[in-house]
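Reminder, nothing fancy here: chain letters follow the sequence lines and each chain counts from 1.
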Protein chains: 2
Amino acid sequence: MNIAGAAARTGLPPKTIRYYEDIGLVRPDRSANGYRDFGGPDLHKLAFLARARSLGFTIEDCRALLALYEDRQRTSADVKRVAEEHLARIDRKLAELESMRQALGRLVERCQGDERPECPIIDDLAGGSPAAERPAA
Amino acid sequence: MNIAGAAARTGLPPKTIRYYEDIGLVRPDRSANGYRDFGGPDLHKLAFLARARSLGFTIEDCRALLALYEDRQRTSADVKRVAEEHLARIDRKLAELESMRQALGRLVERCQGDERPECPIIDDLAGGSPAAERPAA
DNA sequence: GATAGAGCTTCCCGTCACTGGAGGGTCAAG
DNA sequence: CTTGACCCTCCAGTGACGGGAAGCTCTATC
């Protein structure tokens, strides 16, 4: 199966599939004309990668997970450890974004959004009330 | 004030301050020896940038916000629009991360994390139950 | 005055996970 | 035989810096 077929089956863009080959995540055969030829196992790996990436795993996580996927000696503890580390990264990022969302949301609420120049958002950025309105900043 | 002083005052690393000059966000004077010399307005701008970046604004947002900061003809509506667009970006990212967190969290919960190879996480990535366990994927 | 060490400068490369585009070969249909 | 849709490789750019090399300047000490 050509790259466009593999792309259609996995939802990954052809460019991404080529990139995954570049970095050694898949090794499709080559047809006589030099075209990549994806077999069943390649398609499974690509689908695996697409799913893992959609869960936010990094490429290196994906590499490790693929290796575990193909390792019959793996333990579920190995897999769980990778997933839990990623979960922790997600939680840290969520906390960061939620804190931003809260701070920015408060400022936006207080901004009149009219034709006048006075603006609590700009005031805050400019250092407005350096310790009062931004507790524990 | 030298770059190390500016860094200490604003919390920004010297590298970042040089980068901000490179891309035209600040234009500190130069001393006779070629060293950057940050004055009061430069320090204010850098602090403004540090605060805006900590709220997750992109560099281009920061450029726009700095321009509004210095524009006496600005309206608070201009500022609010930039902030609301960023808020929307944050909310989209939060929704994405929360969806990842939920999907991954369910898988991790169901994984025994023992010495056996059976693992719902790997099974899911490998396409486990393509429509059952991942509703609306 | 010599020297050591810290601090400053510029410049270039690397990050992460792709994406876009140039330049060129291959294939199927009409 | 040409057209258009594929495919290939290689290079450059993204965002927002960080690391590190090579070299100049300042300050303190001897």
Item to complete: Could you check which residues of residues 13-23 of chain A get a heavy atom under 4.0 Å from DNA chain D? Sort them by number, please.
Response: A:Lys15, A:Arg18

Worksheet entry | Contact list for DNA chain D against residues 88-105 of chain B - heavy-atom distance below 4.0 Å | none

Discussion item. I'd like to know if A:Arg110 and A:Asp123 make a salt bridge, using a cut-off of under 4.0 Å between side-chain N and carboxylate O.
Written reply: no

Taking all heavy atoms of [X] and all of [Y], pick out the closest pair and write down the distance.
{"X": "B:Ile3", "Y": "B:Phe38", "result": "CA-CE1, 3.6 Å"}
{"X": "A:Arg63", "Y": "A:Ile23", "result": "NH1-O, 2.9 Å"}
{"X": "A:Ile17", "Y": "A:Val26", "result": "O-CG2, 4.4 Å"}
{"X": "B:Thr58", "Y": "B:Arg53", "result": "CA-NH1, 4.0 Å"}

Worksheet item: Checking salt bridge (Lys or Arg N to Asp or Glu O under 4.0 Å) for the pair A:Glu85/A:Arg81: CA distance, chi angles, key distance, verdict?
Response: CA-CA 6 Å; A:Glu85 281 171 12; A:Arg81 188 177 41 75; 3.7 Å; yes

Response to the item:
chain B reaches DNA chain D, atoms under 4.0 Å from its heavy atoms, from D:dA16 to D:dC26

Please examine the side chains of [Y] and [X], heavy atoms only from C-beta on, and report whether any two atoms are closer than 4.5 Å.
{"X": "A:Ile122", "Y": "B:Phe48", "result": "yes"}
{"X": "A:Leu46", "Y": "A:Leu49", "result": "yes"}
{"X": "B:Leu125", "Y": "A:Leu55", "result": "yes"}

[X] [atom1] to [N] [atom2]: how many Å, rounded?
{"X": "A:Leu12", "N": "C:dT19", "atom1": "CG", "atom2": "C1'", "answer": "14 Å"}
{"X": "A:Met1", "N": "C:dC27", "atom1": "CE", "atom2": "P", "answer": "18 Å"}
{"X": "B:Asp37", "N": "C:dT9", "atom1": "CG", "atom2": "P", "answer": "10 Å"}

Exam field: side chain [X] to backbone [Y], donor-acceptor pair closer than 3.5 Å:
{"X": "A:Asp37", "Y": "A:Arg30", "value": "no"}
{"X": "A:Asp114", "Y": "A:Arg116", "value": "yes"}
{"X": "B:His86", "Y": "B:Val82", "value": "no"}
{"X": "A:Asp42", "Y": "A:Gly39", "value": "yes"}

Worksheet item: Do any of residues 53-64 of chain B sit with a heavy atom less than 4.0 Å from DNA chain C, and if so which?
Response: none

Could you pull out the protein-nucleic contacts involving nucleotides 2-7 of chain C (nitrogen or oxygen on both sides, under 3.5 Å)?
from, atom 1, to, atom 2, distance (Å)
C:dG7, N2, B:Tyr35, OH, 2.8

Discussion item. I need the full list of salt bridge (Lys or Arg N to Asp or Glu O under 4.0 Å) pairs touching residues 67-79 of chain A, with sequence neighbours left out, sorted by first then second residue.
Written reply: A:Lys45-A:Glu70

Practice prompt. Say whether A:Tyr19 and A:Tyr35 are linked into one hydrophobic cluster, either directly or through other cluster members, by side-chain heavy-atom distances under 4.5 angstrom.
Written response: no

